[in-house]
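So you know, we letter chains A, B, ... as the sequences are listed, proteins then strands, and number each from 1.
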Amino acid sequence: MSIVDVASVLKGKVPTGNQVTVRGWVRTRRDSKAGLSFIHVHDGSCFDPLQVVAPAALANYESEVKKLTSGCSVVARGTLTPSQGQGQAVELQAERVEVVGWVEDPETYPIQPKKASLEYLREVAHLRPRTNTLGAIARVRHTLSQAIHRYFHEHGFLWVHTPIITASDAEGAGEMFRVSTLDLTNLQGRPDFTQDFFGREAFLTVSGQLNVETYACALSKVYTFGPTFRAENSNTSRHLAEFWMVEPEIAFADLNDNADLAESFLKYIFTALLNERSDDLTFLVERVDKEAVARLETFVTSSFTRMSYTDAIAALEQSGRTFEFPVHWGMDLQSEHERWLTEEHVKGPVVVMHYPKGIKAFYMRVNDDGKTVAAMDVLAPGIGEIIGGSQREERLDRLDARMQELGLDPQHYWWYRDLRRYGTVPHAGFGLGLERTIIYATGMANIRDVIPFPRMPGHAAF
RNA sequence: UCCUCGGUAGCUCAAUGGCAGAGCAUCCGGCUGUUAACCGGAGGGUUGCUGGUUCGAGUCCAGCCCGAGGAGCCA
C-alpha cells in the first residue's frame with residue numbers, strides 16, 4: 001500500500017490495478033444515488049485533482065463521506081482503475097476514506113469552488129494557495145526558481161549568499177528599511193547608533209550587487225538570488241516592499257556580454273517553464289491570459305531587439321505621438337515611452353542600452369563619449385523594466401570622479417574601491433525581478449498575486 | 001504620495017430618493033457514473049464607518065477607513 005501523489009498518478013507513473021493511498025484536500029463532491037460519491041482530491045503536486053470514487057458500502061459513507069465539503073482533508077485508500085466516466089483517464093476506487101480534518105463551518109469557508117476575485121483572495125492569503133490560480137502560480141514560481149539555479153549551475157556560475165543586512169548607507173537603489181535593536185519606544189533624543197547592535201546604522205539590503213561584485217572579481221561567474229527590500233512608498237501592481245531578485249555578475253565581460261547573458265538566461269528559464277508546467281500554463285491561458293504561452297514561445301525563439309537609448313529617443317521623437325512627458329535626449333524613459341517602445345514599436349521585449357550618465361548610478365561604466373554609461377534595461381510589454389543592469393566602472397579614477405560628481409563619500413566604499421586597486425577587471429551584471437518575470441510569463445495582472453505573502457505600504461499581515 | 005473609480009448575503013453581482021434581490025455556496029428533498037452536475041425548497045443583511053440633507057437614504061452631501069486602476073520611484 002504505497003502513498004502516492006496525484007501528479008504521479010495522473011502522469012501514469014502508477015500502474016492501474018495498484019493499491020495506493022492518496023492524501024489531500026477535497027475540491028468538490030458529487031453524489032450519485034446509484035450508491036457512490038465522486039470526490040475530487042487535490043494535493044498540490046499538479047494542476048488537476050484525482051477523482052476518488054467512494055461507494056456507499058464504505059462504513060462511514062453516510063456518516064462522513066456524504067458530509068465532505070470543499071476544503072476537508074482526507075486520506076483515501078483503494079485501487080487505481082481506468083475511469084468509467086469521461087473527463088479523466090484514471091480514478092481511485094476507494095476502499096477506505098478517512099477524514100483527517102473537517103471544515104468547521106462550510107458556509108463561511110473562504111475558499112469556495114467558484115470564481116473569486118484576486119482582490120478578495122488577498123484577504124485570505126493563508127488559504128488562497130488552495131485555489132486553482134494561486135496553486136498554479138506557486139508551481140510556476142517554483143519551476144522558474146529551480147530553472148534559474150539550474151541555468152547558472154550548468155553555466156559554471158557560483159551561487160553567492162550575499163548579506164540581507166547591510167551597512168552600506170547609500171547604495172542609491174531606493175529607500176531602505178532600518179535594522180535596529182535600539183528601544184524605539186523609549187528613545188531619548190536622537191538615537192546613538194554606536195550603541196546599536198552593529199555599532200553603526202544598518203539596513204535591509206536593496207541589492208546584493210556591490211557585495212557580489214567582490215566574488216565576481218575572484219570567482220569570475222557568480223550570482224545572488226534572494227529577498228530584496230525597498231521601503232519606497234510605491235503603490236502599484238508592479239512593486240513590492242519585499243521581493244526576490246536574481247543578480248548575476250560576470251568578470252572579463254562588457255555590456256554586450258551582459259545582454260547576451262540576459263537573453264540566454266531568460267530563454268532558458270522560459271523554455272523550462274514551457275516544458276515542465278504545461279498543465280498550469282494551459283489553465284492560465286484559459287483563465288488569466290490567452291496570450292501567455294504564445295508570448296513565451298515567441299520569446300524563446302526570437303532574438304532580443306537591442307537599441308541604444310539615443311536611438312530609442314529618436315524613435316519616440318519620430319513616432320508622431322504626443323506624450324504626456326515630452327521626449328528629449330537626457331530624460332529618463334517614462335512608462336508611456338516604455339509602453340510605446342515595447343507594445344507598439346518593437347511589439348516585444350527590447351533591450352535599451354547606453355543611457356545618459358545623469359540618470360544612472362555611480363557604478364556604471366562611463367562610455368568613451370563621456371555622456372553615456374554602459375547601462376541596459378530589458379523592457380517587457382505590460383510590465384516595463386524586468387531587468388536593469390550595466391557594465392561596472394572598473395577604472396578607479398573614473399569611479400572616484402563619478403562619486404565626487406554625485407556627492408558620495410569614497411571612504412564609505414573603501415572595499416568597493418579596493419576591487420579597482422587590486423587586479424581590476426571589466427565586469428558586468430544585472431538584476432532580474434523574480435515576481436516581474438512571473439507576471440510576464442503568466443499574464444497575471446498584479447504582482448501581489450505572484451508572491452505568497454505580499455509586503456507593501458501598510459500591509460504585512462500574515 | 002498624487003489623480004480616477006469602487007465598497008450591498010460566505011463569494012460574484014443587481015436594485016429612478018419609496019417593501020434589499022439574483023446566481024453560486026450552505027442546509028433539506030429529488031434525480032443522475034457524476035465532471036465548478038442538474039431540478040425543487042429553506043435559512044442567510046448594522047448596504048465599509050461616522051455625521052448631515054430629506055416625510056423617507058443602498059442611492060444625495062461631508063469626513064474617515066478599505067480596495068482597484070493610472071502616475072512617480074524601480075526590479
I'd like to compare against my own output: the B/S/- annotation of nucleotides 2-7 of chain B with a strict under-4.0 Å heavy-atom distance to protein.
------

Find the partner of B:G23: check Watson-Crick (N1-N3 plus N6-O4 or O6-N4) and G-U wobble (N1-O2, O6-N3) distances, both under 3.5 Å, and reply none if neither fits.
B:C11

Could you check whether A:Glu91 gets within reach of a base, just the sugar-phosphate, or nothing at all, counting any heavy atom under 4.0 Å?
base

Pair of N/O donor and acceptor under 3.5 Å linking B:U26 base with A:Gln112 side chain:
no

Which base, if any, makes a Watson-Crick or G-U wobble pair with B:G17, both distances under 3.5 Å?
none

base_contact_polar (B:G69 base, A:Glu119 side chain, donor-acceptor, <3.5 Å):
no

Under a 4.5 Å cut-off applied to non-hydrogen side-chain atoms, are A:Phe203 and A:Phe177 in contact?
no

If you take atom types as modelled and just measure distance, does the side chain of A:Gln86 reach the base of B:U34 with a donor-acceptor pair under 3.5 Å?
no

With a 3.5 Å cut-off and just heavy-atom distances, do the side chain of A:Arg30 and the base of B:C38 make a donor-acceptor pair?
no

Between B:G10, B:G33, B:G70, which nucleotide has the shortest distance from any of its atoms to the side chain of A:Ser237?
B:G70

Tell me if the side-chain of A:Gln88 makes a donor-acceptor pair with the base of B:U34, cut-off 3.5 Å, by modelled atom types.
yes

Considering every strand and a 4.0 Å limit on heavy-atom distances, what is the contact class for A:Glu247: base, sugar-phosphate, or nothing?
nothing

Between atom CD in A:Glu175 and atom P in B:C73, what is the gap in whole Å?
14 Å

Looking for any heavy atom pair under 4.0 Å, which part of the strands does A:Ser37 touch: base, sugar-phosphate only, or nothing?
nothing

B:G43 base / A:Glu107 side chain donor-acceptor hit below 3.5 Å
yes

Please measure how far the C1' atom in B:A15 lies from the corresponding atom in B:A20, and state the result in whole Å.
7 Å

So what's B:U54 paired with, Watson-Crick or G-U wobble, going by both distances under 3.5 Å?
none

Considering only B:A71, B:A75, B:G10, which nucleotide approaches the side chain of A:Ile447 most closely?
B:A75

Using a heavy-atom cut-off of under 4.0 Å over every strand shown, decide if A:Gln334 touches base, sugar-phosphate, or nothing.
sugar-phosphate

At 4.0 Å (heavy atoms only), tell me whether A:Arg238 reaches a base, stays on the sugar-phosphate, or touches nothing.
base

Base B:G33 to side chain A:Gln93, donor-acceptor N/O within 3.5 Å cut-off:
yes

Once you apply the 3.5 Å cut-off to both distances, tell me the Watson-Crick or G-U wobble partner of B:G67, or none.
B:C5

At 4.0 Å (heavy atoms only), tell me whether A:Thr228 reaches a base, stays on the sugar-phosphate, or touches nothing.
nothing

